[in-house]
Amino acid sequence: MPETIKDLLYASEPRSSILARGWVRTKRDSKACSFLEITDGSCFKGLQVVVDATLPTADLLPRILTGASVEITGELIASPAAGQKWEVQAKEVKLLGEADASYPLQKKGHTPEFLRTIAHLRPRTNLFGSVFRVRSKMAFAVHRFFQERGFFYVHTPIITSSDCEGAGEMFQVTTLKPNTPTKPEQDFFGRPTYLTVSGQLQGEAFACALGNIYTFGPTFRAENSNTTRHAAEFWMIEPEMAFYDLFDDMTLAEEQVRYLVQAMFDECPDELEFFNKFIDKELVARLQQTLAKPFERISYTDAVEILLKSGRSFENPVVWGEGLQTEHERFLAEEHVKGPVTIFNYPKGIKPFYMRQNDDGKTAAAMDLLVPGIGEIVGGSQREERLDILEALMAAQGLEPENYSWYADLRRYGSVPHAGYGLGFERLLMFVTGVPNIRDVIPFARTPGHAAY
RNA sequence: UCCUGAGUAGCUCAGCGGUAGAGCGGGUGGCUGUUAACCACUAGGUCGUAGGUUCGAACCCUACCUCAGGAGCCA
């Protein structure tokens with residue numbers, strides 16, 4: 001298999017003959033020689049290649065501009081200059097693919113807005129190369145976290161006929177031709193179907209069989225949301241655990257966030273350093289703080305008290321029974337706690353039917369984990385395991401019982417207490433990279449009006 | 001969807017009523033073991049689109065389009 005630039009940069013000794021392939025990041029010419037910096041995406045750093053002007057293949061140099069792909073045969077030597085440990089003294093240069101002057105990536109900083117317009121080329125930049133290496137490492141760490149704890153990975157359906165009530169608007173999936181009179185029964189599945197907004201309900205079925213399970217896959221929301229934290233297609237991590245109560249649930253969510261932050265330090269140090277320098281100067285300090293002490297937990301009722309006593313004037317009034325607004329959440333995480341905080345036991349009136357009703361008759365066993373800079377990163381609850389109460393809640397929220405009969409069966413036959421949560425993978429990536437826009441942590445982001453590529 | 005702001009060269013921006021500018025990127029030449037190198041010269045733009053005001057509009061007004069930020073919805 002071909003060697004990568006990462007292999008070469010981590011060499012322990014000089015080598016008399018190597019082959020390096022990659023894309024030219026910069027070229028610096030002098031009379032006697034040219035310096036190429038080439039990258040292949042295998043790691044953050046690039047490899048410096050020195051091409052002597054007397055080399056027979058040096059006449060290719062005028063055609064080797066930023067973005068060109070090259071193959072270099074040469075010698076790996078200790079670099080005589082500062083800036084890099086190793087460099088390649090080229091013996092032969094091959095131009096694999098030219099990139100002419102219209103190549104849009106220059107040797108200078110570009111705005112993320114511009115780079116979004118060239119989503120197919122942006123992974124070649126320092127920033128996006130780093131983001132997507134981190135995305136891969138974090139995805140694997142998510143699996144590792146659960147697998148180390150004996151959780152089973154369940155593939156819940158992408159196409160579904162059940163709407164996870166309260167999760168948002170759905171994209172319809174149909175093979176019926178538009179503008180022709182048709183009935184739902186004539187459709188492919190014999191009923192209306194949608195792209196899933198959550199695998200939770202199916203996840204509960206498997207938790208009530210395999211014990212501890214998780215899903216990790218794409219979910220879809222047809223909301224017309226235009227913010228830095230929302231996308232129409234995003235990846236969600238949804239564990240569901242039999243015999244867990246709300247506090248077990250919170251503990252697992254907190255552990256997972258800390259685990260993934262630790263993985264960032266352990267597995268992506270070069271990228272972390274880059275993000276801290278160019279994206280968010282507080283990033284490393286904030287992540288260290290995340291690991292330093294256990295996350296705080298505040299009940300919704302106490303949180304309302306804290307907000308009311310804060311002496312702060314908020315745009316939106318703080319009222320028990322209403323949802324916490326973004327400004328309230330930010331105050332709690334960024335100013336009151338100055339770190340991640342879990343808010344739990346929300347008023348039952350603002351939560352969906354499947355959340356377990358608390359004995360106080362006023363609240364539901366729900367929790368949100370808020371982090372500084374992002375806000376809500378996890379939303380979860382203990383699920384209502386009592387059939388009569390579940391049915392009453394469904395009726396109160398106007399749901400058709402027949403659509404949820406399979407879900408009610410989980411309570412009808414061997415019901416157990418259980419709990420779960422959803423962790424937004426992209427929001428987690430924003431948290432560990434400091435990248436402020438969700439569109440920049442998704443390879444090809446889907447947001448309202450945007451589905452190019 | 002609502003509110004706010006912005007659209008000027010390939011990119012980042014300045015110009016804010018009187019003949020379109022800079023830096024970077026490209027080209028040419030020079031120089032140097034260079035690090036987003038440096039120096040000189042050079043090419044490159046119907047100033048988002050359509051109307052309007054004015055002797056005169058990149059600049060003022062209106063509408064639309066696009067992008068961004070904030071809010072709501074949530075992960």
Side-chain angles (χ1 to χ4, degrees), chain A residues 25-37 45-53 62 65-67 77 79-84 87 89 99-118 125-126 164 166-169 197-200 215-238 253 278 314-316 322-330 350-352 368-371 374-380 421-431 436-442 447-450:
Chain A
R25 182 58 67 71
T26 63
K27 180 178 68 165
R28 295 175 290 274
D29 292 315
S30 64
K31 188 169 264 177
C33 61
S34 286
F35 298 90
L36 300 177
E37 189 191 343
K45 296 186 184 81
L47 178 67
Q48 172 156 287
V49 176
V50 185
V51 183
D52 207 278
L65 303 178
T66 301
I77 59 170
S79 179
Q84 58 280 317
E87 66 181 30
Q89 186 68 48
D100 69 15
S102 66
Y103 184 63
L105 299 174
Q106 302 172 2
K107 326 185 230 186
K108 67 163 199 168
H110 283 106
T111 60
E113 292 78 26
F114 169 66
L115 293 169
R116 270 172 225 150
T117 67
I118 46 169
T125 63
N126 275 335
C164 197
E169 291 296 310
V197 291
S198 164
Q200 181 200 314
T215 74
F216 181 23
T219 48
F220 307 87
R221 305 277 166 95
E223 298 286 351
N224 190 11
S225 297
N226 291 285
T227 80
T228 54
R229 309 182 300 286
H230 293 86
E233 177 180 325
F234 64 99
W235 281 56
M236 191 149 60
I237 299 151
E238 294 184 289
F278 291 105
F314 295 104
E315 299 252 328
N316 301 281
E322 303 274 317
L324 297 176
Q325 303 296 306
T326 297
E327 57 175 336
H328 305 144
E329 294 184 344
R330 291 191 70 129
I350 58 171
K351 290 296 178 184
D368 284 353
L369 174 51
L370 314 177
V371 296
I374 314 277
E376 184 180 344
I377 195 170
V378 170
Y421 60 83
L423 168 58
F425 186 52
E426 284 79 10
R427 290 195 182 169
L428 173 90
L429 291 174
M430 291 165 72
F431 183 59
N437 196 312
I438 198 167
R439 290 171 275 221
D440 296 331
V441 297
I442 301 177
T447 51
H450 294 273

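The chains referred to below are lettered A, B, ... by the order of the sequence lines, with proteins before strands, and numbering in each begins at 1. Everything quoted here is computed from the prediction, not taken from an experiment.
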Tell me every residue that passes salt bridge (Lys or Arg N to Asp or Glu O under 4.0 Å) with [X], counting only those two or more places apart in sequence or in another chain.
{"X": "K45(A)", "value": "D270(A)"}
{"X": "R330(A)", "value": "E334(A)"}
{"X": "D52(A)", "value": "none"}

Item to complete: Identify, with sequence neighbours excluded, every residue that meets side chain to side chain donor-acceptor pair (under 3.5 Å) alongside E327(A).
Response: N316(A)
Worksheet item: By side chain to side chain donor-acceptor pair (under 3.5 Å), which residues pair with Q48(A), not counting sequence neighbours?
Response: R28(A), E87(A)
Discussion item. So if I take residues 226-233 of chain A and measure heavy-atom distances to RNA chain B, which residues fall below 4.0 Å?
Written reply: N226(A), T227(A), T228(A), R229(A), H230(A), A231(A)
Check: residues 227-234 of chain A side-chain donor-acceptor pairs under 3.5 Å, at least two apart:
residue: T227(A); atom: OG1; partner: R229(A); partner atom: N; Å: 2.9
residue: T227(A); atom: OG1; partner: H230(A); partner atom: N; Å: 3.2
residue: T227(A); atom: OG1; partner: H230(A); partner atom: ND1; Å: 2.6
residue: H230(A); atom: NE2; partner: R427(A); partner atom: NH2; Å: 3.4

Are any protein N/O atoms closer than 3.5 Å to N/O atoms in nucleotides 8-15 of chain B? If there are, list each pair with its distance.
residue: G10(B); atom: N2; partner: Q106(A); partner atom: OE1; Å: 3.0
residue: G10(B); atom: N2; partner: Q106(A); partner atom: NE2; Å: 2.0
residue: G10(B); atom: N3; partner: Q106(A); partner atom: NE2; Å: 3.1
residue: C11(B); atom: O2; partner: K108(A); partner atom: NZ; Å: 2.6
residue: U12(B); atom: OP1; partner: T111(A); partner atom: OG1; Å: 3.0

Item to complete: Return the set of residues passing side chain to side chain contact (heavy atoms under 4.5 Å, CB included) with A53(A) (not counting sequence neighbours), or none when no residue passes.
Response: none
Discussion item. I'd like to check the side chain to side chain contact (heavy atoms under 4.5 Å, CB included) partners of T111(A); sequence neighbours left out, ordered by chain and number.
Written reply: E113(A), F114(A)
Could you list the protein-to-nucleotides 26-28 of chain B atom pairs, N/O on both sides, closer than 3.5 Å?
none

Fill in: Atom C1', compared across C60(B) and G21(B): separation rounded to whole Å
22 Å
Measure all distances between protein nitrogen or oxygen atoms and nitrogen or oxygen atoms of nucleotides 39-43 of chain B, and list the pairs falling under 3.5 Å.
none

Worksheet item: So, does the side chain of S225(A) form a donor-acceptor pair with the base of C73(B) at under 3.5 Å?
Response: yes
